[in-house]
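Each chain gets a letter, A, B and so on, in the order the sequences are listed, and its residues count up from 1.
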There are 2 protein chains.
Amino acid sequence: MREKKLSRRERLKAGYCREILDAALELFTANGYHNVTMHQIAMKSEFSIGTLYNFFKNKEDLYHSLVLEKCKEYAGMQFRALQKDADVLERIREFLSNGIRFFLDNTSLIRIFIAETRGESFNLRSKLRNDARRVMNELDEKVASVMREGVQKKIFRRLDPVHLTLALQGLSEAFLFHWMDYPEAFPDGLQADMILDIFTRGSTAQTAAAGPAAGRG
Amino acid sequence: MREKKLSRRERLKAGYCREILDAALELFTANGYHNVTMHQIAMKSEFSIGTLYNFFKNKEDLYHSLVLEKCKEYAGMQFRALQKDADVLERIREFLSNGIRFFLDNTSLIRIFIAETRGESFNLRSKLRNDARRVMNELDEKVASVMREGVQKKIFRRLDPVHLTLALQGLSEAFLFHWMDYPEAFPDGLQADMILDIFTRGSTAQTAAAGPAAGRG
DNA sequence: ACAATTTGTGACGTATAGTTCACATACTGC
DNA sequence: GCAGTATGTGAACTATACGTCACAAATTGT
């Protein structure tokens, strides 16, 4: 039975909310938080200013809802990928290609993610750290648990799972950003395998070990 | 002969400029561009608003000067490190520890760098992309040239030098940010060797090759 | 069909912050 | 010491943008 006893009115309202969020997302990704006005969002979503404030407490709340929603969408997808019953490396590969696809679909959304997790949105951080960031941290922990499994199964070297997680994320971010700035540098598109290859095998030729430099203090 | 024929007045002026920039840097790194007012900068630097505008065209120009200066400082240092007459891996190791030290000294400056190169400072990007970013791009090319040398000398595998550069940067950024958020996760401090180790050797155990996953499409 | 209630509207209030400019002050050469 | 220039000052101007609220429109129940 339909537990979601949403009246027509409520469904309409939800739809309005969607439209506002979608309009806002486009504007925010294109211009950044501080360079988007509530008037612009009102214009684009074809509602009046007042209506925006019927749906969201204020601008920050709107932005916050937006980021949280996208974070949950991303984290949910990645969580399921890492949960699967497959080889460790296979799960990581899917994690990578999922991430690439997600940011390819939500193109410049990644700028907002970065702005939120690393950037200078200082005013907002306080709230976002406690919501969106919590979601992302949970995901990080899940990744780390897969890494730990990889270490236990001797697939990975005896490295801190958190470090492995950082490495994977750092690599993908760097490639994603470079791809965003110079798409022509990747004629075949951004491939998960390319990143996974560097992540797993590293940079050095397998015969020549990296002993000398790594052994220094 | 003193080519720098700076009058006492001019030296004074330069000193004033320094004080303003230093005050602004502290504020910007602590609060981000949009959350710092010219009034605050005036207060902290102990000058009047009007004086700021005698030195800088406007707020953006001030910020721009600041970032450009720091970029040049960073890039100059790293350029010299990469220029040295040493082993490829040794130069990269110095590049890494330089970077760590620089961001350790200029602690939260890295947030601004990231905000500039990746983040949401959309208004500013136009100008900064053409100055600060040019400096950073030159540095990237220098790093890539060292990577190319490494490939030629068979120290690295036959990988695109640009990809190697991206990998190195991605790794260091990820570790730096994690260190900033969770310094306790690195009881011995952030070591260049730790990053270099992952960069060179990758994640997988050397015996078990990463064949299966990397070979997939 | 009409009243009651809920929802949508956008002009306006208010606050903030970047920038200017007329004036004060300090310095320079005579 | 004094005219002339350069520099420093901060109150005031202006622009912008968030958020409100009295009113309008639409919807619901009777």
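Ring-plane geometry between Phe186(A) and His163(B) is classed as parallel, the angle between the planes falling under 30 degrees on a 0 to 90 degree scale with a further cut at 60. Between Tyr33(A) and Phe28(A), the ring planes lie parallel to each other; the angle is under 30°, not in the 30° to 60° tilted range.
Considering only residues two or more places apart in sequence or on other chains, Gln169(B) meets the side chain to side chain donor-acceptor pair (under 3.5 Å) condition with Asp140(B).
Note: CE (Met43(A)) to P (dA17(D)) measures 12 Å, nearest angstrom. Taking atom CG of Leu27(B) as the reference point, atom C1' of dA17(C) lies 15 Å away to the nearest angstrom. Taking atom NE2 of His39(A) as the reference point, atom C1' of dA17(D) lies 7 Å away to the nearest angstrom. Taking atom OH on Tyr53(B) and atom C1' on dT14(D), their separation rounds to 12 Å, with Å as the unit. One can place CD of Glu46(B) at 21 Å from P of dT7(D), the figure rounded to the nearest angstrom. Following rounding to the nearest Å, Met38(A) (CE) and dA11(C) (C1') show an atom-to-atom distance of 17 Å. Taking atom CG of residue Leu52(A) and atom C1' of nucleotide dT7(C), one finds them 14 Å apart after rounding to whole Å. The separation between Phe55(B) atom CZ and dT7(D) atom P is 9 Å, rounded to whole Å.
Phosphate contact (OP1/OP2 of dT9(C), side-chain N/O of Thr51(A), threshold under 4.0 Å): present.
Taking 4.0 Å as the cut-off between side-chain N and carboxylate O, Asp131(B) and Lys72(B) do not count as a salt-bridged pair.
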### Chi angles and distances behind the side chain to side chain donor-acceptor pair (under 3.5 Å) call for Arg101(A), Asn98(A)
CA-CA 5 Å; Arg101(A) 196 168 353 97; Asn98(A) 271 353; 3.0 Å; yes
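Nearer to the 5' terminus of DNA chain C, by closest-nucleotide assignment, is the contact made by Ile49(A) (compared with the other of Ile49(A) and Ile49(B)). For the pair Gln40(A) and Asn54(A), both in contact range of DNA chain D, the more 5′-proximal nearest nucleotide belongs to Gln40(A).
In this structure, Gln78(B) contributes its side chain and Ala75(B) its backbone to no donor-acceptor pair below 3.5 Å.
Ring pair Phe103(B)/Tyr74(B): centre-to-centre distance below 6.0 Å.
The stretch residues 15-24 of chain A comes close to DNA chain C through Tyr16(A), each having a heavy atom under 4.0 Å from the strand.
When heavy atoms are screened at a 4.0 angstrom cut-off, Thr37(B) is found touching the sugar-phosphate backbone but no base atom.
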